[in-house]
Amino acid sequence: MLVVMQEGATDTQIQAVIDRMVEMGFTVHRSTGVLHTVLGGVGPVEHFEPSDFEVMDGVKESHRIVSPYKLASRHFKPGGTVIKIGNVEFGGRHVVTMAGPCSVEGEDQIERAAEIVARGGAQVIRGGAFKPRSSPYSFQGMGEIGLRLLRQAADRWGLLVISEVMDQTQIPLLLNYSDILQVGARNMQNFNLLREIGKTRKPVLVKRGIAATIEELLLSAEYVLSGGNYEVMLCERGIRTFETSTRNTMDISAIPVLKRLTHLPVIADPSHGTGKRDYVMAMARAAVAAGADGLLVEVHHDPERALSDGAQTLRPEQFQEMMTQTRAIAQAIGRTA
Ligand code: PEP
Ligand code: MN
């Protein structure tokens, strides 16, 4: 259930509504917008009349939430969520670029990557230290050593860090080294992992599963939000279709659909979305034009020698060019990049 408070409702009025909701068995989540406070009541409460709340002091309106996801719904935060980490804002006017290699491979490689990323004007460096590989014989990542190298390179170049967490035992380690926890496509429905991340207060990027619907993606976000971690971003990274000329089919339409359905920032990953470096720039432009709040792209100083995902990884000069082009697209729609 959703209760929208009137503009200027007092703390006492808000508290009275929260108390009543709790009494009825709801868990209450509070969203403070520019004008209105919205109270989201979640829980297995079946018998209630939203209109009963409309007679309470300070209440503007009250509704039953019909979508299966509640806190992820745009209704809960009509103005949109802006996640602020340091001086970087996700979900604001600026389109944030997160870039770096698929995997952290060593000190020299990640240092070079950080230089490319920072000089290109991106704000966040990516790099997996725990890699979900389709084959158990492929490179599995450097683990904690990789995370340490990634953090050091990021700090030298004034960048934030995003890195993947594959299971809940890795959360404490990632909390130490990374500014954003990445939940990979293969883990989008690892509900135990999502619940544990919901208990942290670290921003998280949840990637769309390879065969997941938009509603399933939003329900995965709901797992994190319902734990009280409201700093969730969603990522379109391509889905599996019958098409074989690209690694995945980049669902650009998911971007405006998500922007309508949810208040959470939406990120696009054209690297995994296409699987081929020559298509990444076009899809990055399309994603920004479609309203993405950020990009996640793979870049490496020598993609041919990358230990994972080399075929979809941009060369440094392609990355520079992508930044120039996405900046122009952002400006055309009243944003910056
Ligand atoms: C990655 O970002 O390198 C990755 C493994 O992505 P995904 O989970 O989308 O396949
Ligand atoms: Mn990758």
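In each ligand, atom 1 is the first atom listed, and ligand 1 is the first ligand listed. As the structure is a prediction and not an experimental result, all values here were calculated from the model.
Tested against Asp269, the residues Arg126, Arg237, Arg208, Lys207 include a single side-chain hydrogen bond (donor to acceptor under 3.5 Å, both in side chains) partner, Lys207.
Counting only protein N, O or S atoms, the number found under 2.8 Å from the Mn ion (ligand 2) is 4.
Checked for salt-bridge contact, Arg315 and Glu304 meet the test: a charged N lies under 4.0 Å from a carboxylate O.
Taking a cut-off of under 4.0 Å to the non-hydrogen atoms of Gly184, the atoms of ligand 1 that pass are 8 (O). For ligand 1, the atoms lying closer than 4.0 Å to a non-hydrogen atom of Cys102 are 3 (O).
At least one heavy atom of Arg126 lies less than 4.0 angstrom from ligand 1.
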Where do Glu115 and Arg112 land on the salt bridge (Lys or Arg N to Asp or Glu O under 4.0 Å) test, with the steps shown first? CA-CA 5 Å; Glu115 179 170 1; Arg112 285 172 181 235; over 6 Å; no

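Remark: minimum distance from atom 4 (C) of ligand 1 to any protein heavy atom is reached at His272 NE2, 3.4 Å. With respect to atom 5 (C) of ligand 1, the closest heavy atom belonging to the protein is Glu164 OE1, 3.8 Å. In terms of protein heavy-atom proximity, atom 8 (O) of ligand 1 is closest to Ala185 N, 2.7 Å.
Applying the 6.0 Å contact sphere to CD of Glu61 captures more than 12 heavy atoms from other residues, nucleotides or ligands.
No side-chain donor-acceptor contact under 3.5 Å links Gln140 and Arg133.
Between the Thr200 side chain and the Ile197 main chain, a donor and an acceptor come within less than 3.5 Å of each other.
Remark: ligand 1 and Arg186 share an N or O pair separated by less than 3.5 Å (distance only, no angle test).
In this structure, His29 has its ring center no closer than 6.0 Å to that of Phe76. For Phe26 and Phe48, the ring centers are positioned less than 6.0 Å apart.
Closest heavy-atom contact between Ser178 and Ser163: OG-N, 3.3 Å.
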